[in-house]
Chemist: 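Following this message is one structure expressed as structure tokens.
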Amino acid sequence: MSAASGGARPRFDIPEADAFTRTYWDAAAGGRLLVRRCRECGRAHHYPREFCPHCWSENVTWEPASGRATLYTWSVVHRNDLPPFGERTPYVAAVVDLAEGPRMMTEVVECGEAELRVGMRLDVAFREGVPVFRPPKPVIGAQGVG
């Protein structure tokens, strides 16, 4: 949990990177989502770990994720006193299934509560270097010509 310098209120929404997770957070700050993939069993996992949680191999590597996911479950949070969450209420805390396989805790943005459906497609977006998910943006001109 990061606290800004200069006497600002502490923030509880921006994780602190350590030597191992710095690659993940630097990529996210640049608008890229990464997952870890095991070179032994071939399975992807998230959150970033130095070993595979499926086969325990330490032969794992970073790889770009597609940014596509489906909504697994969610909860609408109406009260959270930690800064800056209180300013965002209500918000949607969610678990999504990444296209690469792993489940990820996140937030769904740009979507009304009544629009949420298990299995709905979502795309990654980034808020201050933190991955969040939203419904896909319509592709302009996707219907073709004539």
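This structure is a prediction, so every number in the text was calculated from the model and none was measured.
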Chemist: So, do Leu116 and Leu71 sit near enough that their side-chain heavy atoms are less than 4.5 Å apart?
Modeler: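 Heavy-atom side-chain distance check passes, below 4.5 Å.
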
Chemist: State, to 0.1 Å, how close Phe133 and Gly67 come at their nearest heavy-atom pair, and which atoms those are.
Modeler: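 Heavy atoms only, the tightest pair is CE2-O, 3.7 Å.
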
Chemist: Among residues at least two apart in sequence or on other chains, which ones pass side chain to side chain donor-acceptor pair (under 3.5 Å) with Arg49?
Modeler: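 By the side chain to side chain donor-acceptor pair (under 3.5 Å) rule, Arg49 matches no residue at all.
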
Chemist: Do Val124 and Leu34 land in one hydrophobic cluster if side-chain heavy atoms of ILVMFWY residues count as linked below 4.5 Å?
Modeler: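 They do share one cluster, since a chain of ILVMFWY contacts under 4.5 Å joins Val124 to Leu34.
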
Chemist: Are Pro135 and Arg121 side-chain neighbours, meaning at least one heavy-atom pair lies under 4.5 Å?
Modeler: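 Of all side-chain heavy-atom pairs linking Arg121 with Pro135, none is under 4.5 Å.
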
Chemist: Not counting sequence neighbours, list each pair that qualifies as a salt bridge (charged side-chain N to carboxylate O under 4.0 Å, His left out) and has a residue in residues 63-74.
Modeler: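 Every salt bridge (charged side-chain N to carboxylate O under 4.0 Å, His left out) pair that includes a residue of residues 63-74, provided the two are not neighbours, is Arg37-Glu63.
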
Chemist: Nearest 0.5 Å please: distance from the CZ atom of Arg39 over to the OG atom of Ser57.
Modeler: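 Between Arg39 CZ and Ser57 OG, I get 10.0 Å after rounding to 0.5 Å.
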
Chemist: Can you tell me which residue pairs pass the salt bridge (charged side-chain N to carboxylate O under 4.0 Å, His left out) test with a partner in residues 72-86, sequence neighbours excluded?
Modeler: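 Pairs touching residues 72-86 that pass the test: Arg79-Asp81.
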
Chemist: Is the closest side-chain heavy-atom distance between Pro15 and Val130 below 4.5 Å?
Modeler: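 A side-chain contact exists here, since the closest heavy-atom pair is under 4.5 Å.
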
Chemist: Which other residues end up in the same hydrophobic cluster as Val132, if Ile, Leu, Val, Met, Phe, Trp and Tyr are linked when side-chain heavy atoms come under 4.5 Å apart?
Modeler: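 Val109, all in the cluster of Val132.
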
Chemist: What closest approach, in Å, do Glu40 and Asn59 show between heavy atoms, and which atom pair accounts for it?
Modeler: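 Smallest heavy-atom distance, with atoms named: OE2-ND2, 2.9 Å.
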
Chemist: Going through the distances and angles, do Cys111 and Met120 end up as a side chain to side chain contact (heavy atoms under 4.5 Å, CB included)?
Modeler: CA-CA 11 Å; Cys111 183; Met120 72 183 288; 4.0 Å; yes

Chemist: Using salt bridge (charged side-chain N to carboxylate O under 4.0 Å, His left out) as the criterion, list what pairs up with Asp18, not counting sequence neighbours.
Modeler: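 So Asp18 forms no salt bridge (charged side-chain N to carboxylate O under 4.0 Å, His left out) with any residue.
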
Chemist: With a 4.0 Å cut-off, would you call Glu50 and Arg36 a salt bridge?
Modeler: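 Here Glu50 does not pair with Arg36 in a salt bridge, since their nearest N and O are not under 4.0 Å apart.
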
Chemist: Ring pair (Phe, Tyr, Trp, His ring centres under 6.0 Å): which pairs involve residues 86-124, sequence neighbours left out?
Modeler: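 Every ring pair (Phe, Tyr, Trp, His ring centres under 6.0 Å) pair that includes a residue of residues 86-124, provided the two are not neighbours, is Phe85-Tyr91.
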
Chemist: If we only count heavy atoms from C-beta on, is the Tyr47 to Val35 side-chain gap below 4.5 Å?
Modeler: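 With C-beta onward as the side chain, the pair stays apart.
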
Chemist: Checking Thr106 side chain against Pro131 main chain: does a donor-acceptor pair fall under 3.5 Å?
Modeler: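 Flag set: sc Thr106 to bb Pro131 pair under 3.5 Å.
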
Chemist: Taking the ring of Phe20 and the ring of Trp62, is the distance between their centroids below 6.0 Å?
Modeler: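 Centroid separation for Trp62 and Phe20: below 6.0 Å.
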
Chemist: With sequence neighbours left out, what residues match Arg88 under salt bridge (charged side-chain N to carboxylate O under 4.0 Å, His left out)?
Modeler: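 Salt bridge (charged side-chain N to carboxylate O under 4.0 Å, His left out) check on Arg88 returns Asp13.
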
Chemist: Would you say the side chain of Glu113 lies within less than 4.5 Å of the side chain of Val76, judging by non-hydrogen atoms?
Modeler: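 Heavy-atom side-chain distance check passes, below 4.5 Å.
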
Chemist: According to ring pair (Phe, Tyr, Trp, His ring centres under 6.0 Å), who are the partners of Tyr72, at least two apart in sequence or on a separate chain?
Modeler: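 By the ring pair (Phe, Tyr, Trp, His ring centres under 6.0 Å) rule, Tyr72 matches no residue at all.
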
Chemist: By salt bridge (charged side-chain N to carboxylate O under 4.0 Å, His left out), which residues pair with Arg117, not counting sequence neighbours?
Modeler: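 By the salt bridge (charged side-chain N to carboxylate O under 4.0 Å, His left out) rule, Arg117 matches no residue at all.
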
Chemist: Does any pair with a residue in residues 132-141 pass salt bridge (charged side-chain N to carboxylate O under 4.0 Å, His left out), and if so which ones, sequence neighbours excluded?
Modeler: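 Output for this query lists Glu110-Arg134, Glu110-Lys137.
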
Chemist: Which residues pass the salt bridge (charged side-chain N to carboxylate O under 4.0 Å, His left out) test with Glu128, sequence neighbours left out?
Modeler: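 With neighbours one apart ignored, the set is Arg11.
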
Chemist: Could I get the full list of ring pair (Phe, Tyr, Trp, His ring centres under 6.0 Å) partners for His45, not counting sequence neighbours?
Modeler: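 Checked His45 against ring pair (Phe, Tyr, Trp, His ring centres under 6.0 Å); zero matches.
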
Chemist: Is any side-chain heavy atom of Val118 closer than 4.5 Å to one of Thr73?
Modeler: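 Not in contact.
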
Chemist: Quick one, Thr70 and Leu122 - any side-chain contact, counting heavy atoms below 4.5 Å?
Modeler: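 A side-chain contact is absent here, since even the closest heavy-atom pair is not under 4.5 Å.
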
Chemist: Measure across Cys52 and Cys41 and return the closest heavy-atom pair with its distance rounded to 0.1 Å.
Modeler: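 Closest approach of Cys52 to Cys41: SG-SG, 3.7 Å.
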
Chemist: Can you tell me how far OH of Tyr24 sits from CG of Leu33, rounded to the nearest 0.5 angstrom?
Modeler: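 That separation rounds to 5.0 Å.
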
Chemist: Which atom pair, heavy atoms only, marks the closest approach of Ala28 to Gly129?
Modeler: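 Reported closest heavy-atom pair: CB-O, 3.2 Å.
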
